[in-house]
Amino acid sequence: MTMESFIITGKQRLEGTIRVSGAKNSSLPLMAATLLAEGTSVLWETPDLADILHMRQVLENLGCVIHLGQDRQMSIDAASLRDFEVDERLMRTMRASNLILGPLLARCGRVRIAMPGGCAIGSRPMDQHLKGLKELGVRIRETHGYIEAAAERLRGADIYLDVPSVGATENIMMAAVLAEGTTRIHNAAREPEIVDLQNFLNKMGAKVRGAGLDVVKIEGTKRLTPAEHTVIPDRIEAGTHLVAAVMTQGDIQLENVIPEHLEPVIAKLRQAGALIEVEDDRMRVRHEGPVQPVDIKTMPYPGFPTDMQPQFMAMLACAGGTSIITETIFENRFQHVDELRRMGANIRAEGRTAVIRGTDKLEGSFVETTDLRAGAALFLAALAAEDVTVLEKVTHIDRGYENLLEKYQALGAKVKRMTPHHP
Ligand code: UD1
């Protein structure tokens, strides 16, 4: 990992327009889903991000031929799959590469992958993915950090998830579309990215209903055909910009958003005092004066997203009062707390709860990102802080925010990237 940094001079009011990129968390399962059909599928608005490049390498490793065109167009030719096994290094570096499990089983009947590692924010097991696939008739062997799975044929089943896991719901959907008979995923995740996957699968000829609700019903079909699809806008990127406007007393317009996907975030921002106007696929957010404290509890969609929790903590660190944040999804997602404290924030975290006493004295400092959204939180804190912040290890941020610095420079932020010189 290179040690690139952002140098951020805070206290600049942000004003202007940002066009939100396509959703990373939709693009990843959609790219995996293209494995299901022989031929070339086309995805529009896939963001230019490290995680997307990574998934591209995984698919190429399996034999797909991928081309990038204009307007973030990605065409994926999955006709000549030659492998059911992915390079171990590729598997271990990104957890979402596990999303090839379902489609590869459906297409080839076999797959062998390295068990994706834990990550900074929690242990992130795969038991729900594997349980669901077993119910569809897959034999699974877990040995020395590998998952080997095989099935001569997949049979539809009723699957009850213990937790509404996004990845497990997606993996099971992608396996079940080519199974014999009907599958019902109960207690399914309801995130907008699940609906986007359903829409793409149905364009390929699948019969999926109920995405966005508790039960997703999939009637298996014999064959799928390649399709074209535009990825939904990234709701977490959009949410991050909304918080940025509030924290800099700014006035930001967002283009290419689906406001309904941001309802829990908008509700909390309004409670914090933000003025938000919503119109079709655009939004405007403004803020003046002190931020009101609000309490947050992360929940599966349509609850408040865990992927926005760190950014809200940065905002509430500057509020005029005390807020409480409870993280219920990941057990170790307070890594930004120590770094925010280095910048002068008054936060006490214990277990899954953090108590944030707002201050108007955030100060620039040397801070380090530990994961993607923690990095976003520190970026936001730096925009609101006095003086200069050096934000280190920003490759974590590059995983999830396309052209972040360019977008913020256009709003008037004083931000630049520093790449260390190697003699
Ligand atoms: C996805 C998102 C991620 C987001 C998360 C929760 C992608 C690529 N990533 O991750 O940004 O933070 O949803 O909204 O879409 N769990 C189990 N067993 C399993 C699977 C999950 O116990 O088999 C638990 C996890 O430990 C976690 C919770 O379920 O506590 C949610 O995880 P999950 O919804 O699976 O997250 P991801 O799909 O990995």
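Both counts, for ligands and for their atoms, begin at 1 and track the order of listing. Please read these numbers as outputs of a predicted model, since none were measured by experiment.
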Only one of F379, F6, Y401 passes ring pair (Phe, Tyr, Trp, His ring centres under 6.0 Å) with Y408; say which it is.
F379

R333 touching ligand 1 at heavy-atom level, < 4.0 angstrom
yes

Would K268 and D295 count as a salt bridge (Lys or Arg N to Asp or Glu O under 4.0 Å) here? Give the steps.
CA-CA 8 Å; K268 285 295 172 187; D295 293 342; over 6 Å; no

Heavy-atom pair with the smallest gap, counting every atom of R153 and E180:
NH1-OE1, 2.9 Å

N/O separation below 3.5 Å, I329 to ligand 1
yes

Does the side chain of M283 reach to within under 4.5 Å of the side chain of I252, using non-hydrogen atoms?
no

Side chain E191, main chain I194, donor-acceptor under 3.5 Å:
no

For V166, is at least one N or O under 3.5 Å away from an N or O on ligand 1?
yes

Atoms of ligand 1 less than 4.0 Å from D307 heavy atoms?
3 (C), 4 (C), 11 (O), 12 (O)

Less than 3.5 Å between some nitrogen or oxygen of T306 and one of ligand 1, yes or no?
no

E170 to ligand 1: N or O pair under 3.5 Å?
no

Can an N or O of A96 be found at a distance shorter than 3.5 Å from an N or O of ligand 1?
no

For G167, the ligand 1 atoms whose distance to one of its heavy atoms is below 4.0 Å
35 (O), 38 (O)

Nearest-0.5 Å distance that lies between atom CZ in F312 and atom OG1 in T240:
9.5 Å

R342 to F366 six-membered ring, cation-pi geometry met (6.0 Å, 45°)
no

Does even one non-hydrogen atom of E193 get within less than 4.0 Å of ligand 1?
no

Salt bridge present between D127 and K134 (N-O < 4.0 angstrom):
no

Using a 4.0 Å heavy-atom cut-off, which part of A168 comes near ligand 1: side chain, backbone, both, or neither?
neither

With heavy atoms only and a cut-off of under 4.0 Å, state how R95 meets ligand 1: side chain, backbone, both or neither.
side chain

Distance filter under 4.0 Å to N25 heavy atoms, resulting ligand 1 atoms
2 (C), 3 (C), 7 (C), 8 (C), 9 (N), 11 (O), 15 (O)

Hey, which of R19, K24, K407, R373 is the one that makes salt bridge (Lys or Arg N to Asp or Glu O under 4.0 Å) with E237?
K407

With heavy atoms only and a cut-off of under 4.0 Å, state how V163 meets ligand 1: side chain, backbone, both or neither.
side chain

Can you find a heavy atom in the side chain of R110 that is under 4.5 Å from one in the side chain of L105?
no

Which bit of M126 is near ligand 1, meaning a heavy atom under 4.0 Å away: side chain, backbone, both or neither?
backbone

Geometric N/O contact K24 with ligand 1, under 3.5 angstrom:
no

Passing candidate, side chain to side chain contact (heavy atoms under 4.5 Å, CB included) with M91, options I147, N61, I113:
I113

Is the closest heavy-atom distance from A189 to ligand 1 below 4.0 Å?
no

Please state which option from A23, S165, S27 has its nearest heavy atom closest to atom 21 (C) of ligand 1.
S165

